[in-house]
Amino acid sequence: MKIIACNSSKSLSEKISQHIGVPLADASIRTFNDREIFVEINENIRGEDVFIIQSTSHPANDHLMELLITIDAARRGSAKRITAVIPYYGYARQDRKTGPRTPITAKLVANLITSAGAHRVLTMDLHAGQIQGFFDIPLDNIFSAPPILKDIKEKFSGNKELVVASPDVGGVVRARAFAKRLDAGLAIADKRREKAGESEVMNIIGEVDGKICILLDDIADSAGTLCNAAEALKKNGAKEIYSYIVHGVLSGKALDRISNSAIKELVLTDTIEPSNDIKNTKNIRHISIAPLMGEAIKRISSDASVSALFD
């Protein structure tokens, strides 16, 4: 097995490497003055099972091109099998036509990864499940539930006042699954979005008065929906509000919104490498998905069941 770390996931790749006990392959990824990307794998990978780890986070286009070029380099280096490990799959929110003459970019990216030479894909918490069908190669979409549930249970052990809340109707299935496993109540923020990037929470469905609320979502980008939901929970009597997010995109004024919101603590996974600003934000904490991702990589390499991880 060979593990190649691209630039957007260096820290996560090192943790995965340590968990599996396989050192990272020697590869150099350079950028020329005109922003062209050059990849060179500095060791023999002929006949190897190669895993290329790269989240397509900001800057999304550069990181996507890095991934594609690294896949091509591995293919031309005669790797036996190439798995694109994409902890955060960018462009996932463009999974359907939202109007006339608009693209389905999630499908385009799937085509690019396949054409570059990947034999399979490993990703985490896809924003839309149907993206799995965009690929003509095997795709494993694993879930961050185990490390998040473990953290919640450790932090709120024995607490009978927990309510799991979804910041919008789209996240109800996820929130219900967590509520069931935590033996907690369920609440839903009913919102009306006036225009893209802005949201307004109208009311809360469920009993939250005097409760400790845990807001769950897969992606926090501008954090408007998240912070509006937290404010609505607070107005409805919630005692404390925590949030667990899988992919912390946190663009624009997201950090300011979170710092000044009703959220006591925001917990992110490390599918996206945090910037220094995120690391220095007092009410943000990270948990690692490296052990889970590492176990999935080991099982793929040995042709064992990945789904058994969640039994």
Side-chain angles (χ1 to χ4, degrees), residues 1-18 22-94 103-124 131 134-135 137 219 221 247-252 254 270-280 290 293 297:
M1 184 199 301
K2 297 284 184 181
I3 302 172
I4 298 175
C6 293
N7 284 328
S8 78
S9 301
K10 289 283 189 185
S11 177
L12 177 61
S13 299
E14 288 169 2
K15 292 175 187 173
I16 291 172
S17 167
Q18 290 170 6
V22 175
L24 294 175
D26 181 12
S28 57
I29 301 172
R30 304 195 297 276
T31 304
F32 297 128
N33 289 335
D34 64 352
R35 304 299 299 167
E36 277 191 12
I37 297 164
F38 176 76
V39 175
E40 186 173 14
I41 302 170
N42 301 313
E43 60 183 79
N44 181 32
I45 60 167
R46 184 179 296 273
E48 293 279 2
D49 200 2
V50 175
F51 293 84
I52 300 168
I53 305 175
Q54 173 85 322
S55 279
T56 50
S57 51
H58 176 79
N61 299 331
D62 287 354
H63 287 156
L64 176 59
M65 280 304 298
E66 260 185 38
L67 174 63
L68 297 174
I69 294 168
T70 308
I71 291 171
D72 186 69
R75 179 170 64 91
R76 295 177 190 279
S78 300
K80 179 180 70 176
R81 181 171 64 178
I82 301 166
T83 302
V85 181
I86 312 172
Y88 169 64
Y89 185 88
Y91 287 107
R93 286 170 286 179
Q94 297 187 45
I104 304 178
T105 318
K107 168 60 176 168
L108 172 63
V109 171
N111 289 345
L112 290 169
I113 291 168
T114 304
S115 297
H119 295 102
R120 66 185 306 130
V121 171
L122 171 63
T123 189
M124 175 166 278
I131 293 173
F134 293 175
F135 285 87
I137 55 176
I219 299 174
D221 188 351
H247 309 299
V249 178
L250 304 183
S251 63
D270 53 357
T271 58
I272 296 176
E273 197 118 339
S275 65
N276 288 330
D277 288 340
I278 294 174
K279 289 178 182 176
N280 294 330
M293 194 68 79
I297 288 172

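Keep in mind it's a predicted model, so treat the numbers as computed, not measured.
- To the nearest 0.5 Å, the span separating CD1 on I69 from CG on L64 amounts to 9.5 Å.
- Of all the heavy atoms in T31 and R35, the pair that sits closest is CG2-CA, 3.6 Å.
- Here K2 contributes atom NZ and I52 contributes atom CD1; the two are 13.5 Å apart, rounded to the nearest 0.5 Å.
- Residue K10 comes nearest to E273 through the heavy atom pair N-OE1, 3.7 Å, listed as atom of the first residue, atom of the second, then distance.
- Annotation for D34: atom CG counts as buried by contact number, over 12 foreign heavy atoms lying within 6.0 Å.
- Residues Q94 and V109 form no side-chain contact, since every pair of their non-hydrogen atoms from C-beta on lies 4.5 Å or further apart.
- The structure places CZ of R30 at 12.5 Å from CD1 of I37, a figure rounded to the nearest 0.5 Å.
- A 4.5 Å side-chain heavy-atom check between S13 and L24 finds at least one atom pair inside the cut-off.
- Note: I113 CD1 to T123 OG1 = 8.5 Å, rounded to the nearest 0.5 Å.
- The aromatic rings of F135 and Y89 sit perpendicular, their planes meeting at an angle over 60°, well past the 30° parallel limit.
- With T271 contributing its side chain and Y88 its backbone, the two residues share no donor-acceptor pair below 3.5 Å.
- Judged by distance alone, with hydrogens and angles left aside, the side-chain atoms of E66 form a donor-acceptor pair with the main-chain N or O of N7 at under 3.5 Å.
- In this structure, the side chains of M1 and I297 come closer than 4.5 Å at one or more pairs of heavy atoms.
- Looking only at side-chain heavy atoms (C-beta outward), F51 and I16 stay at 4.5 Å or farther from each other.
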Dump the intermediate steps for side-chain contact (heavy atoms from CB on, under 4.5 Å) on D270 and K15, then the final yes or no. CA-CA 10 Å; D270 53 357; K15 292 175 187 173; 3.2 Å; yes

Step-by-step salt bridge (Lys or Arg N to Asp or Glu O under 4.0 Å) determination, D49 to R81: CA-CA 5 Å; D49 200 2; R81 181 171 64 178; 2.9 Å; yes

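- The structure places OG1 of T83 at 8.5 Å from CD1 of I137, a figure rounded to the nearest 0.5 Å.
- Across all non-hydrogen atoms, the minimal contact from S8 to Q54 is OG-OE1, 2.7 Å.
- The distance from atom NZ of K80 to atom NE2 of H119, rounded to the nearest 0.5 Å, is 10.5 Å.
- Residues H58 and V249 have side chains not in contact (no heavy-atom distance under 4.5 Å, counting atoms from C-beta outward).
- The main-chain N or O of S55 is found under 3.5 Å from a side-chain atom of S9 such that the two form a donor-acceptor pair.
- Residues V50 and A79 come closest through the heavy atom pair CG2-CB, 3.6 Å.
- The shortest distance between side-chain heavy atoms of N61 and M65 does not fall below 4.5 Å.
- Contact record, S57 with I272: CB-CG2, 3.9 Å, taken as the closest heavy-atom pair.
- Side-chain contact check for P103 versus L108: every heavy-atom pair is 4.5 Å or farther apart.
- Considering every non-hydrogen atom in both I29 and C6, the closest pair reads CD1-CA, 3.7 Å.
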